[in-house]
Amino acid sequence: MTPLTFQQNILAWFDQYGRKDLPWQQNFTATKDEKPYRVWLSEIMLQQTQVATATPYFNTFIEKFPDMTSLANAPVDEVLHLWSGLGYYARARNLHKTAQMIAERESFPDTLDELLELPGIGLSTAGAILSIAFNKSQPILDGNVKRVLTRFKAIAGHPSNSAVNKELWALSRQLTPIARVADYTQAIMDLGATLCTRSKPACHICPLKTACLARLGGNVASFPTPKSAKALPIKQLVFLLLTVRRFFCLLPQI
DNA sequence: AAAGCGTGGAT
DNA sequence: TATCCAAGCTT
């Protein structure tokens with residue numbers, strides 16, 4: 001299956017079944033930088049966090065801080081308070097710091113280098129912002145994409161392994177289209193979140209089923225390769241064995 | 001390179 | 001109940 005076919009299959013599936021009504025995908029006007037603001041805010045909240053968990057927090061933040069300026073001008077304590085319960089609190093501090101940095105600018109940064117300088121934005125989040133908010137062709141590699149790609153190409157080894165990670169990035173880059181990249185990025189995440197799930201994936205209705213190597217090999221459940229059980233630390237102990245010799249029994253009784 | 005960071009959901 | 005893991009980034 002060529003990259004083009006891969007993209008066409010995923011996009012056709014997205015048009016019919018993709019998620020288009022998530023809170024950060026709607027209810028905003030075309031006001032300048034309102035879209036990247038929402039995409040950025042949602043992407044930060046969604047790091048290692050499920051959609052259902054992040055959603056109420058996103059709605060609260062949008063209500064309290066409808067734009068970058070209001071977030072930048074808020075006391076960091078208020079941001080932290082509204083973040084409480086979401087976890088990974090460094091994200092909230094970085095969010096606030098980044099808001100202040102971007103508020104100083106003319107517009108929301110739209111290049112990879114600029115985005116990577118901002119605290120809390122790594123390669124994948126930068127790719128998500130560029131593709132979803134600006135429709136610029138840039139790959140992502142989040143948990144969903146890792147799951148889809150390790151299965152599609154039957155890539156063994158835990159994704160945290162640097163060689164595996166590098167291979168996955170190369171593959172993601174190779175498969176990311178030039179056109180309709182915003183839809184594509186959302187599509188491959190939707191695929192991973194709704195069909196190509198960790199357990200009980202719905203392979204029978206997957207748009208990639210005819211070429212998915214894991215499925216063709218009947219191996220879907222073994223991808224991504226589970227993290228090998230951490231070797232238990234080996235402790236060496238010296239035992240002092242005390243034995244009661246018969247000889248003690250011969251001592252005079254007191 | 002590997003570990004730390006938070007909480008809630010799924011098995 | 002215990003374990004693994006989730007729209008990762010930072011040090």
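Order of the sequence lines fixes the chain letters, A, B, ..., with proteins taken first and strands second; residue numbering starts at 1 for each chain. Both backbone and side-chain heavy atoms feed into the values below; hydrogens, waters and symmetry mates do not. Being a predicted model, the structure only gives us computed values, none of them experimental.
- With both ends at atom P, the span from B/dG6 to C/dA2 equals 23 Å, rounded to whole Å.
- Contact annotation for A/Thr125: backbone-only contact, meaning every heavy-atom pair under 4.0 Å involves sugar-phosphate atoms and none involves a base.
- At the heavy-atom level, A/Ser162 lies under 4.0 Å from the strands shown only through sugar-phosphate atoms.
- As rounded to whole Å, 11 Å separates atom P of C/dC4 from atom NE2 of A/His158.
- Using a 4.0 Å cut-off between charged nitrogen and carboxylate oxygen, A/Asp15 and A/Arg180 count as a salt-bridge pair.
- Contact check of residues 84-98 of chain A against DNA chain C (heavy atom, cut-off under 4.0 Å) returns A/Tyr88.
- A/Gln48 has a side-chain polar atom (N or O) that falls below the 4.0 Å cut-off from OP1 or OP2 of C/dG8.
- Using a 4.0 Å heavy-atom distance criterion, A/Leu22 is classed as a base contact.
- Taking atom C1' on both nucleotides, B/dA1 is separated from C/dA6 by 23 Å, rounded to a whole Å.
- Rounded to whole Å, the distance from CG on A/Asn161 to P on B/dA2 is 8 Å.
- One atom, CD1 of A/Ile121, and another, P of C/dT11, lie 14 Å apart when rounded to the nearest Å.
- Between A/Ile129 atom CD1 and C/dG8 atom C1' there is a gap of 13 Å when expressed in whole angstrom units.
- Distance CH2 (A/Trp83) to P (B/dT7): 13 Å, rounded to an integer number of Å.
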Side-chain donor-acceptor pairs under 3.5 Å in residues 202-221 of chain A, sequence neighbours left out?
residue  : atom : partner  : partner atom : Å
A/Lys209 : NZ   : A/His204 : O            : 3.0
A/Arg215 : NH1  : A/Lys209 : O            : 3.4

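- Nucleotides B/dG8 and C/dC9 are separated by 22 Å at their P atoms, to the nearest Å.
- In this structure, A/Tyr57 places its OH atom 8 Å from C1' of B/dT7, rounding to the nearest Å.
- As judged by a 4.0 angstrom heavy-atom cut-off over every strand, A/Ile140 is placed among residues making no nucleic acid contact.
- In this structure, A/Trp24 reaches the bases: a heavy-atom distance under 4.0 Å links it to at least one base atom across the strands shown.
- Of the residues near DNA chain C, A/Leu118 and A/Ala193, the one whose nearest nucleotide (by heavy atom distance) lies more toward the 5' end is A/Ala193.
- The CD atom of A/Glu43 sits 9 Å away from the P atom of C/dC9 (whole-angstrom rounding).
- Between the C1' atom of C/dT10 and the CD1 atom of A/Ile44 lies a distance of 13 Å, rounded to the nearest Å.
- A salt bridge is absent between A/Lys153 and A/Glu167: the closest approach of a Lys/Arg side-chain nitrogen to an acidic carboxylate oxygen does not fall below 4.0 angstrom.
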Please produce a list of atom pairs where a protein N or O lies less than 3.5 Å from an N or O of nucleotides 9-11 of chain B.
residue : atom : partner  : partner atom : Å
B/dT11  : OP1  : A/Ser199 : OG           : 3.0

